[in-house]
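Notes follow once the structure below has been shown.
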Amino acid sequence: MRSPRGLIAISGYLAGRHAPAASESTTGHHSLFFARAFQILAQPEPVRLQKLAAPDSGILELRLERPEVKNAINWDVMRRLRSAIEKIQADATAKVVLVASSVPGAFCAGADLKVWICSERRLMSSSEVGEYAGSLRSTFSSFEALPIPTIAVIEGAALGGGLELALSCDLRICGENAELGLPETGLAIIPGAGGTQRLPRIVGVSRAKELIFTGRRCDAAEAVRMGLANYCVPAGEAYQKALDIAREITQKGPLGIRMAKKAINQGMEVSDMPSALAVEGECYDQLLHTQDRLEALAAFAEKRKPVYTGK
C-alpha cells in the first residue's frame with residue numbers, strides 16, 4: 001500500500017499529465033475521491049507491533065490503535081493480533097511483551113458488537129457468533145502460551161474481551177483511571193474468550209463468580225486488592241511502571257525466565273503437589289547444561305554483571 005505522500009504525488013501526476021480538461025463538477029468529484037482515499041490511508045493500523053531500541057532491546061510493544069471504537073475487537077483486529085503473535089513466537093530475541101493502547105481513556109472495550117450484524121443489517125446466526133467467540137478464545141490462548149512474560153498496560157476501560165485479553169497476560173499494571181469488568185451476562189451471554197476460566201484462577205472462584213454474575217466493574221485500587229492487577233499507579237503512569245518491570249526482567253537469564261513461566265503455568269494445571277513439583281524438576285533440569293547458567297556462576301565469582309546469550 002502506498003503512503004499518503006505517495007498518493008498525493010500520484011494524484012498530482014495524473015491530474016497534471018494524463019487527465020483531460022475537466023469541468024468544475026468533475027474536478028470537485030476527483031478532489032473528493034482523493035480526499036477520501038487520503039483519509040483511509042492516513043488511518044493508523046489497528047494493531048501495531050514494534051521492537052524497542054537499545055537500551056531496551058528485547059522488549060516488544062503491542063499497541064491497539066482503533067480510537068473510533070475504543071479498540072473494540074473485530075475480525076480484522078483478531079487477524080492482526082494472530083499475525084503479531086506469530087511474529088513474537090518467531091523472534092528469538094524477544095524477552096518481554098508490553099500490551100498497551102494508543103487510545104486515551106481506553107485499553108480495550110471488548111468485542112465489537114457490529115461484527116454480529118452483516119452488511120444487510122442481518123443479525124449473525126448463532127453459529128457465526130460462536131465462530132467469532134471461538135476464534136477470539138483461540139487467539140487469547142495463543143497469546144497466553146507465549147513463552148516470554150507479557151504485561152498488560154491498562155489505562156481506562158478494559159471490558160469484556162478487553163479484560164479477557166489482559167487476563168491472558170502474565171502481569172497487569174493499571175492506571176488509577178482503569179475500569180475493569182466482564183459485562184457479558186447483561187447481554188444474556190457469558191465471557192467467551194477465557195474469562196470464566198482465567199478470572200477464577202487469578203482472583204479465586206467466589207470473587208470471579210460475583211464479578212461475572214453481576215457484571216460489576218471495579219476500579220484499579222480494588223483490582224489490586226483482589227489480585228486482579230499487580231499495581232495501581234497514577235493515571236498516565238502505567239506504561240512507565242510496566243516498562244520498569246520489563247527492564248528488570250530483561251536483566252535476568254532469558255532461559256531461566258522462560259522455564260519459570262513454563263513451570264508456573266503447567267504446574268498450576270495439575271491437580272496435586274507431587275505432579276506440580278515434577279513439572280518444576282523437569283524445567284529445572286533443562287537449565288543445568290546451558291551456557292547462561294555457567295556464565296551466571298562465573299560472573300558471581302568474578303563480581304561482575306553476567307552477560308546472557310540465551311544459550
Side-chain angles (χ1 to χ4, degrees), residues 49-63 84-85 87-100 143-155 166 168-175 202 220 223-225 227-234 236-270 273-311:
L49 178 66
Q50 67 176 15
K51 294 183 178 182
L52 300 192
D56 293 325
S57 301
I59 301 176
L60 276 64
E61 186 182 275
L62 180 64
R63 280 197 175 269
I85 293 168
K87 292 176 181 177
I88 296 169
Q89 289 171 330
D91 188 349
T93 67
K95 295 180 180 179
V96 185
V97 181
L98 304 180
V99 184
F143 189 75
E144 182 182 42
L146 286 172
I148 60 176
T150 54
I151 305 175
V153 182
I154 305 174
E155 297 273 7
S168 71
C169 294
D170 298 303
L171 309 177
R172 285 157 292 281
I173 313 300
C174 292
I202 293 172
V224 171
R225 288 195 298 270
L228 177 54
N230 296 81
Y231 292 94
C232 170
V233 299
E237 297 183 14
Y239 181 86
Q240 185 59 52
K241 180 63 177 178
L243 182 59
D244 290 343
I245 295 173
R247 286 168 173 166
E248 288 187 60
I249 293 172
T250 59
Q251 298 305 306
K252 306 303 186 288
L255 295 180
I257 294 294
R258 286 173 177 248
M259 285 298 106
K261 178 171 179 175
K262 181 178 180 180
I264 294 169
N265 287 354
Q266 293 189 1
M268 289 296 294
E269 297 303 318
V270 299
M273 184 59 71
S275 298
L277 291 175
V279 170
E280 179 182 87
E282 291 173 2
C283 292
Y284 192 95
D285 289 345
Q286 293 182 50
L287 298 169
L288 291 177
H289 303 291
T290 63
Q291 294 178 21
D292 278 357
R293 189 183 77 87
L294 298 177
E295 164 62 13
L297 293 175
F300 178 79
E302 299 166 10
K303 297 182 180 181
R304 61 174 174 81
K305 184 177 179 179
V307 179
Y308 296 119
T309 61
K311 298 179 181 179

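Panel note: side chain Q89, backbone P147; no donor-acceptor pair is recorded below 3.5 Å. Looking at E155, its side chain does come within 3.5 Å of a backbone N or O of G236 through a donor-acceptor pair.
In terms of heavy atoms, G227 sits closest to I202 at O-CG2, 3.3 Å. Residues G175 and A220 share a closest heavy-atom pair of O-CB, 3.3 Å. In terms of heavy-atom proximity, I148 sits nearest to V96 at CD1-N, 3.9 Å. Between A84 and L62, the shortest heavy-atom contact is CB-CD1, 3.7 Å. Scanning both residues, R293 and L287, for their nearest heavy atoms gives CD-O, 3.5 Å. Summarising the geometry of T250 relative to K95, their closest heavy-atom pair is O-NZ, 3.8 Å, with the distance given to 0.1 Å.
When each of I173, L243, V99, N230 is checked for a side-chain contact (heavy atoms from CB on, under 4.5 Å) with I151, only I173 meets the rule.
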Could you tabulate the donor-acceptor pairs under 3.5 Å formed by side-chain atoms of residues 53-61, not counting sequence neighbours?
residue : atom : partner : partner atom : Å
D56     : OD1  : R247    : NE           : 2.8
D56     : OD2  : R247    : NH2          : 3.0
E61     : OE1  : Y239    : OH           : 2.6
E61     : OE2  : Q50     : NE2          : 3.1
E61     : OE2  : R63     : NE           : 2.8

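Residues V270 and Q266 form no side-chain contact, since every pair of their non-hydrogen atoms from C-beta on lies 4.5 Å or further apart. Contact of the F143 side chain with the C169 side chain is registered, since non-hydrogen atoms from C-beta on lie closer than 4.5 Å. Put simply, the side chain of I154 reaches to within 4.5 Å of the side chain of R172, judged on heavy atoms. Counting heavy atoms from C-beta on, the side chains of C174 and V224 never come closer than 4.5 Å. Proximity of I257 to P149: side-chain heavy atoms (C-beta onward) are separated by under 4.5 Å at one or more points.
Once rounded to the nearest 0.5 Å, the distance linking CD of E282 with CG of L277 reads 11.5 Å. The CE atom of M259 sits 12.0 Å away from the CD1 atom of I264 when rounded to the nearest 0.5 Å. Rounded to the nearest 0.5 Å, atoms CG (L294) and CG (D292) are 9.0 Å apart.
In this view, E269 satisfies the side chain to side chain donor-acceptor pair (under 3.5 Å) rule with no residue, not counting sequence neighbours. Partners of D91 by side chain to side chain donor-acceptor pair (under 3.5 Å), not counting sequence neighbours, listed by chain and number: K51, T93. A search for side chain to side chain donor-acceptor pair (under 3.5 Å) contacts involving Q286 returns nothing, not counting sequence neighbours. Every salt bridge (Lys or Arg N to Asp or Glu O under 4.0 Å) that E295 has, sequence neighbours left out, goes to R304.
Applying the side chain to side chain donor-acceptor pair (under 3.5 Å) test to every pair with at least one member in residues 251-263, sequence neighbours left out, gives these pairs: D170-K261, Q251-K305.
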